[in-house]
2 protein chains.
Amino acid sequence: MQLQSLALAPAPAPVVGFDAESDEELKIVGAIKTYGRDEEVFAEGDRADFVYRVVSGAVRMTRVLADGRRQVADFYLPGDVFGVELGAERTATAEAVGEVMLVVARRAVLASDPAQAQKLWRQALGELGRCRDHLLTVTHRSATERVARFLLDLGVRLGGEAQIDLPMSRQDIADYLGLTIETVSRTMTQLQADGLVRLSGCRQVTFARPAALAGLCE
Amino acid sequence: MQLQSLALAPAPAPVVGFDAESDEELKIVGAIKTYGRDEEVFAEGDRADFVYRVVSGAVRMTRVLADGRRQVADFYLPGDVFGVELGAERTATAEAVGEVMLVVARRAVLASDPAQAQKLWRQALGELGRCRDHLLTVTHRSATERVARFLLDLGVRLGGEAQIDLPMSRQDIADYLGLTIETVSRTMTQLQADGLVRLSGCRQVTFARPAALAGLCE
DNA sequence: CGGACTTTTGAGCCACGTCAAGAGAAGTGG
DNA sequence: CCACTTCTCTTGACGTGGCTCAAAAGTCCG
């Protein structure tokens with residue numbers, strides 16, 4: 001079964017920016033860089049001179065609270081653009097989840113081209129939409145709903161196959177969903193016990209009954 | 001005491017958009033419109049042709065889940081601009097919290113002026129930042145922390161006086177903070193019992209010990 | 001004053017967090 | 001290839017913060 005058909009998000013509204021224009025991707029041409037596991041791409045407070053596109057691997061955007069608790073604001077997967085900021089400074093830290101390959105481009109170069117600038121703008125607004133969806137998920141849903149949603153979303157974003165390799169640890173998932181690592185682990189175990197997914201090693205997830213899994217998300 | 005000095009958010013980073021430019025506000029010139037309590041300004045799915053600036057009163061942006069639960073994504077107060085969207089359609093509903101006066105402008109008019117368009121862009125990215133902050137607050141903080149933060153933030157945004165009139169109901173606050181109305185109410189009662197705030201009627205809040213209140217937020 | 005709505009308060013329960021220990025998995029060096 | 005360390009994940013037992021259900025008390029307006 002194609003997972004795509006179970007996508008949680010409604011079909012994207014026709015994008016018309018300011019003047020309705022080609023929907024083609026933001027072109028990022030620049031150097032290829034690679035990062036090792038947990039290596040920082042940039043840190044909160046750095047100058048925000050570059051934007052990035054993920055070629056392979058995954059990147060997490062994190063912020064740390066004063067008391068040490070960590071919030072993973074977002075994961076970026078192959079094809080995703082990240083690093084577009086309002087101000088001159090980074091407001092969050094980006095780290096490689098595993099081995100990552102990125103394309104890097106100067107923000108100024110993109111901004112000088114009006115067409116590209118508009119795509120940057122769309123990118124940012126798209127991110128706002130995702131952030132709001134996530135907010136809704138995290139504030140009003142149970143642990144089971146959150147994990148189910150997360151797995152399905154990841155499945156779609158990674159290509160819609162029935163089996164995915166989680167790039168991130170349980171701790172990353174927990175910090176993203178606003179849960180503890182124990183709750184994430186228990187929930188995954190429960191989903192497997194209910195026959196909704198199969199786990200082969202803790203990083204490989206097979207969607208056994210994707211429709212039922214989607215049903216958990218309302 | 002000036003509440004401003006206790007602002008939770010770090011001082012806004014120097015804004016340099018694409019080309020560092022004047023930091024003046026987005027100019028919205030257009031018709032003044034007024035809305036009554038709970039009246040819809042626009043609804044999810046509407047065409048997104050206009051942008052708005054709040055003159056007086058307050059507006060809430062809401063989304064409703066399939067099961068009827070409601071998420072208040074944001075409140076807009078006097079001076080705030082809202083209604084900037086990525087797509088052609090509204091992704092959330094905006095309603096007047098009480099009596100509201102708004103300035104309305106066609107989005108197309110703003111967008112045709114590059115300088116204004118850039119301010120629209122900044123506006124959107126600013127909102128993204130707020131959304132992320134809120135996400136962090138809601139996922140990792142206790143009910144007390146959330147309410148304290150909410151009250152202080154509102155205090156600053158409403159002008160930094162030591163006393164504020166809440167424009168919104170307990171239910172609105174609960175839906176914003178991802179809590180129940182009972183928990184919000186109990187928390188406010190507790191804050192009063194602890195001498196951190198004084199409540200005169202349920203809408204009027206006086207910051208009795210703002211520093212202590214800020215202390216609850218880390 | 002009366003009715004509708006909002007807020008407060010109370011009692012009980014449950015989902016999730018905390019603390020703790022064990023089981024894999026993965027890397028390291030001999 | 002195996003011992004050893006280290007890290008991650010799972011599982012269990014228990015406590016608690018916030019949700020649910022229910023009712024009383026305020027508040028607003030006609």
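In what follows, chains carry the letters A, B, and so on, assigned in the order in which the sequence lines appear, proteins first and then strands, with residues in each chain numbered from 1.
Listed by first then second residue, pairs satisfying ring-ring contact (aromatic ring centres under 6.0 Å, His included) with a partner in residues 177-199 of chain A number zero, not counting sequence neighbours. Residue pairs meeting the side chain to side chain donor-acceptor pair (under 3.5 Å) criterion with at least one partner in residues 192-202 of chain A, sequence neighbours excluded, are A/Gln190-A/Asp194. Pairs passing the ring-ring contact (aromatic ring centres under 6.0 Å, His included) check and including a residue from residues 159-193 of chain B, sequence neighbours excluded, read B/Phe75-B/Tyr176, B/His134-B/Tyr176, B/Phe150-B/Tyr176. Screening residues 29-41 of chain B for side chain to side chain donor-acceptor pair (under 3.5 Å) gives B/Asp38-B/Arg60 as the qualifying pairs, with residues at least two apart or on separate chains.
Put simply, chain A comes within 4.0 Å of DNA chain D, heavy atom to any atom, from D/dT8 to D/dA13, going 5' to 3'.
Among residues two or more places apart in sequence or in another chain, the side chain to side chain contact (heavy atoms under 4.5 Å, CB included) test is passed with B/Thr180 by B/Glu182, B/Thr183. Taking B/Arg70 as the reference, B/Asp172, B/Asp175 meet the salt bridge (Lys or Arg N to Asp or Glu O under 4.0 Å) condition, with sequence neighbours excluded. Take B/Phe42 and apply the ring-ring contact (aromatic ring centres under 6.0 Å, His included) test, not counting sequence neighbours, and it matches B/Tyr52. Checked against side chain to side chain contact (heavy atoms under 4.5 Å, CB included), B/Asp165 has the following partners two or more places apart in sequence or in another chain: B/Gln204. With sequence neighbours left out, the side chain to side chain contact (heavy atoms under 4.5 Å, CB included) criterion links B/Val55 to B/Ile32, B/Met101, B/Val103.
For the atom pair OG of B/Ser142 and CD of B/Glu145, the computed distance is 4.0 Å after rounding to the nearest 0.5 Å.
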Exercise for the section: Summarise protein proximity over nucleotides 2-20 of chain C in one line of letters, 5' to 3': B for base, S for sugar-phosphate only, - for none, counting protein heavy atoms closer than 4.0 Å. Expected result: ----SSBBBB----SSBB-
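The overall bend of the helix from C/dC1-D/dG30 to C/dG30-D/dC1, read as the angle between its terminal helix axes built from five base pairs each, is 40° when rounded to 10 degrees.
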